[in-house]
Amino acid sequence: MDIALGAAVRVRRRTLGISQENLAEQCGVSFQQIQKYENGANRISFSRLVQIARALRCRVTDLMDVLDEPDREMTEDLNALSRLRIPGAIELLGAFEQMDPASRGALVSLVRSLTSKPERQALSA
């Protein structure tokens with residue numbers, strides 16, 4: 001749960017374009033503490049979560065929604081949040097949103113063709 005909540009904080013912060021340093025300053029902690037929260041290494045107290053939500057201009061429940069889902073849906077949300085932690089993923093998603101639908105489809109097809117196992121095996125043969 002700590003990892004999921006931390007990932008939700010990170011996604012919201014990065015979506016708003018707020019740095020860890022800026023968020024830390026608004027919450028009265030170090031940026032290293034924000035890193036630990038986002039990685040799930042440190043548990044976020046409720047009072048700190050309220051501060052973080054205010055700094056991120058959202059409700060506490062907006063950050064905690066991922067924890068209220070049934071197990072299967074929670075697992076899917078956690079997987080999606082984990083993928084968004086990959087360096088460049090949020091920037092890539094932002095650029096993807098700005099593309100027209102035909103270009104999106106072409107890009108998805110290209111990426112799928114680059115990542116399919118049979119093609120990789122054929123190329124290395």
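At distances below 3.5 Å, at least one donor-acceptor pair connects side-chain atoms of R12 with backbone N or O atoms of L56. Of the possible donor and acceptor atoms, one in the side chain of S109 sits under 3.5 Å from a partner among the backbone N and O of G105.
Note on F31: it does not cluster hydrophobically with Y37, by side-chain heavy-atom contacts below 4.5 Å among ILVMFWY residues. Under the 4.5 Å side-chain heavy-atom criterion for ILVMFWY residues, no single connected hydrophobic cluster contains both V11 and L92. Cluster membership check: V60 shares its hydrophobic cluster with I18, using side-chain heavy-atom separations under 4.5 Å among Ile, Leu, Val, Met, Phe, Trp and Tyr.
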Where do E91 and R14 land on the salt bridge (charged side-chain N to carboxylate O under 4.0 Å, His left out) test, with the steps shown first? CA-CA 9 Å; E91 292 82 3; R14 298 210 45 207; 2.4 Å; yes

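Contact check for R13 versus I52: no side-chain heavy atoms found under the 4.5 Å cut-off. Using a 4.5 Å heavy-atom threshold, the side chains of L107 and F96 count as touching.
Around atom CD of E25, no more than 12 heavy atoms belonging to other residues, nucleotides or ligands sit under 6.0 Å away. In R104, the CZ atom is crowded: over 12 heavy atoms of neighbouring residues, nucleotides or ligands sit closer than 6.0 Å.
Checked by atom type, the side-chain pair S19/N22 shows no donor-acceptor distance below 3.5 Å. Between Q20 and E38, the side chains place a donor N or O and an acceptor N or O closer than 3.5 Å (distance only, hydrogens not considered). In summary, the side chains of Q51 and R48 do present a donor paired with an acceptor at a separation below 3.5 Å, with no hydrogens or angles considered.
Partner L23 forms a side chain to side chain contact (heavy atoms under 4.5 Å, CB included) with one of L16, V9, V29 and no other, that one being V9.
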